[in-house]
Amino acid sequence: MRTQVCIIGGGPSGLLLSQLLHLKGIDTVLLERQSREYVLGRIRAGVLEHGFAKLMREARCGDRMDREGEIHDGFFIAHGGGMDRVDLHKHTGGSSVMVYGQTELTRDLYEARDRMQGVVIHNAEDVLPHELLSVAPHVTYRDGDEVVRIDCDYVIGADGFHGVSRKSIPKDVLREYEKVYPFGWLGVLSRTKPVSLELIYARNERGFALCSLRSQVLSRYYIQVPLTDTVGQWSDDAFWQELKHRLPAEVAARLVTGASIEKSIAPLRSFVAEPMRYGNLFLAGDAAHIVPPTGARGLNTAGSDIHYLYQALVAHYQRGDDAGLHGYSAQALARVWKAQRFSWWLTTLLHTFPDSSAYDHKLQQAELAYLFSSAQALASLAENYVGLPY
Ligand SMILES: Cc1cc2nc3c(=O)[nH]c(=O)nc-3n(C[C@H](O)[C@H](O)[C@H](O)COP(=O)(O)OP(=O)(O)OC[C@H]3O[C@@H](n4cnc5c(N)ncnc54)[C@H](O)[C@@H]3O)c2cc1C
């Protein structure tokens, strides 16, 4: 089989890139290790920057998002028993974010690929990129007993944190930066009315909590837990009780509880791999970097990689201009590191660290007091939250 761009990974990054390239007449083959049902069963991100929403529209996948997604002009930070609002609209001169679940946008992207007869191969086993430094790289995968070879111009590694693409870059070329946080987030999805129309990030001595939502009938809540906790230790009742303890009393009083329809623990980690290009392999999204979910940068940073790669590949195929491909790694990493900084800052501000001292607590309080007393500090938070320009 021959294609122009072989994409490894059928998450949001790979799907969005293949859809955008297809619309420009660039041929792609996408290889996904899992079944479609499995990919669509994953509950992950839910807050989209306006730049990501724009890319979805450009990919002609924005109709349902624009119909069913919710525009949020602000969010709350609960601290010291009360709540302050961050007015995104006011502090960014009119920007906002879109609340629309990753599961739904992935479904929209798969449907678009089907409509356009895009080549998406599921259950591709033992995917391996080869000869990445040559002008004729290829990718192999196993389909039952048969090994299939795909010849291409470029390989895109969009196969997430545990994928094969990053591992194909020699150790003496790749530099990895990592920070592991000493806690995780226990998340519960429930078919209940959200406690607030806008997200509430709560700082509490007992640990961080987040009240999020997917729609007006589907709530997503999280609490910070030690890394040693397991989902089995947390009954629905215990989860709701602990969440109430971490919220201001008037919010806890109106929290509607119900059976969980999904419950999972995600460890918090920051990670960046450099460079994001090796020969004719380009990494994108979680394959190259991950952030803690605080501040919703993960999916959105994958979106900026896709934007840069899309522009670069279109410039190459339509105008023979390779400047974008040459500059991709540096350009993408410049924005990645700003997202890393923002996620680290918000995580540090809002979580309770097991080894923190009374002094550290006072600093967190002072930081929050400063934030809500300074239009400049709020503008900086808001600018990062709605997404820095591409
Ligand atoms: C539990 C959890 C909660 C999250 N919550 C948030 C959030 O609230 N906000 C936020 O912004 N971000 C969140 N994120 C991060 C966000 O979901 C990711 O940034 C986003 O999924 C990145 O998309 P991606 O396409 O780059 O990678 P993925 O979505 O990981 O997609 C990679 C795809 O590659 C496939 N794959 C892997 N290995 C291979 C292989 N060898 N061959 C072929 N295919 C392969 C995988 O099956 C997968 O479908 C969360 C992530 C997790 C894990």
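Throughout, numbering of the chain's residues begins at 1 and tracks the sequence.
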Residue pairs passing the salt bridge (charged side-chain N to carboxylate O under 4.0 Å, His left out) test with at least one member in residues 2-17, sequence neighbours excluded, are R2-D153
Do K54's NZ or CZ and the ring of F52 fall within the cation-pi criteria of under 6.0 Å and 45°? no
### Task
Decide, yes or no, whether a salt bridge links E104 with R214 under the criterion of side-chain N to carboxylate O below 4.0 Å.
no
Neighbour count >12 (heavy atoms, 6.0 Å) for atom NZ, K338: no
- Message: Looking at H316 and A312, would you say the former's side chain and the latter's main chain have a donor-acceptor pair under 3.5 Å?
- Response: no
(request) Please indicate whether R42 has more than 12 foreign heavy atoms, meaning atoms of other residues, nucleotides or ligands, lying under 6.0 Å from its CZ. (result) yes
| Is a salt bridge present between D108 and R113, judged by a nitrogen-to-oxygen distance below 4.0 Å? | no
Tightest non-hydrogen contact, residues A377 and L371, listed as O-CD1, 3.7 Å
query: Hey, are R269 and E178 close enough for a salt bridge, meaning a charged N less than 4.0 Å from a carboxylate O?
result: yes
When rounded to the nearest 0.5 Å, the distance separating CZ of R36 from CG of N123 is 11.0 Å
Exercise. Hey, mind stepping through R60 and E58 against salt bridge (charged side-chain N to carboxylate O under 4.0 Å, His left out) and telling me if it holds?
Worked result: CA-CA 5 Å; R60 295 196 205 146; E58 191 165 346; over 6 Å; no
- Is it possible for you to check whether R85 lies under 6.0 Å from the centre of the six-membered ring of F372, through NZ or CZ, and within 45° of that ring's axis? no
Query raised in the report: Does atom CG of D355 have more than 12 heavy-atom neighbours, drawn from other residues, nucleotides or ligands, at distances under 6.0 Å?
Result: yes
Note to self: Looking at K167, I want to see if its NZ is surrounded by more than 12 non-hydrogen atoms of other residues, nucleotides or ligands under 6.0 Å.
What the structure shows: yes
message: Between H122 and Y110 (judged by ring centroids, cut-off 6.0 Å), do the two rings come close enough to count as a pair?
response: yes
Does CG in L197 sit with more than 12 non-hydrogen atoms of other residues, nucleotides or ligands closer than 6.0 Å?
no
Using side-chain heavy atoms (C-beta onward) and a distance below 4.5 Å, is L16 in contact with M56?
yes
In this structure, OG of S190 is separated from OH of Y221 (nearest 0.5 Å) by 6.0 Å
When you compare the side chain of W234 with that of E242, does any pair of heavy atoms fall below 4.5 Å?
yes
In this structure, CG of N384 is separated from CZ of R341 (nearest 0.5 Å) by 5.0 Å
Smallest heavy-atom separation, P267 atom then L227 atom, equals CB-CD2, 4.0 Å
**OP:** Flag the pair H245 / N204 as yes when at least one side-chain heavy-atom distance between them is below 4.5 Å, and no otherwise.
**Re:** no
Under-4.0 Å salt bridge between D151 and R149 = yes
Review point. Do R220 and L213 have side-chain heavy atoms sitting under 4.5 Å apart?
Key: no
Quiz item: Is Y141 close to D126 at the side-chain level, that is, under 4.5 Å between some pair of heavy atoms?
Solution: no
Cationic N near anionic O, under 4.0 Å, R246 to E205 = no
R254, CZ atom: more than 12 neighbouring heavy atoms under 6.0 Å = yes
Assess whether a salt bridge exists between D66 and R57, defined as any Lys/Arg side-chain N lying under 4.0 Å from an Asp/Glu carboxylate O. yes
Just wondering, are more than 12 heavy atoms of other shown residues or ligands nearer than 6.0 Å to CZ in R64?
-> yes
**Report entry** R335 NZ/CZ over Y390 ring centroid, <6.0 Å and within 45° of normal
**Finding:** no
Rounded to the nearest 0.5 angstrom, the CG-CZ distance for L346 and F208 is 7.5 Å
When every non-hydrogen atom of V47 is compared with those of N300, the smallest separation belongs to O-ND2, 3.0 Å
* Taking NZ, NE, NH1 and NH2 as the nitrogens, is one of them in K263 or D236 under 4.0 Å from a carboxylate oxygen of the other? -> yes
d(L218 CG, S212 OG) to nearest 0.5 Å is 10.0 Å
Exercise. For Q216, look at atom CD and say whether over 12 heavy atoms of other residues, nucleotides or ligands are found less than 6.0 Å away.
Key: yes
OG1 (T92) and NE2 (H50) are apart, to the nearest 0.5 Å, by 7.5 Å
From the list Y181, Y177, W337, F161, ring-ring contact (aromatic ring centres under 6.0 Å, His included) with F271 holds only for F161
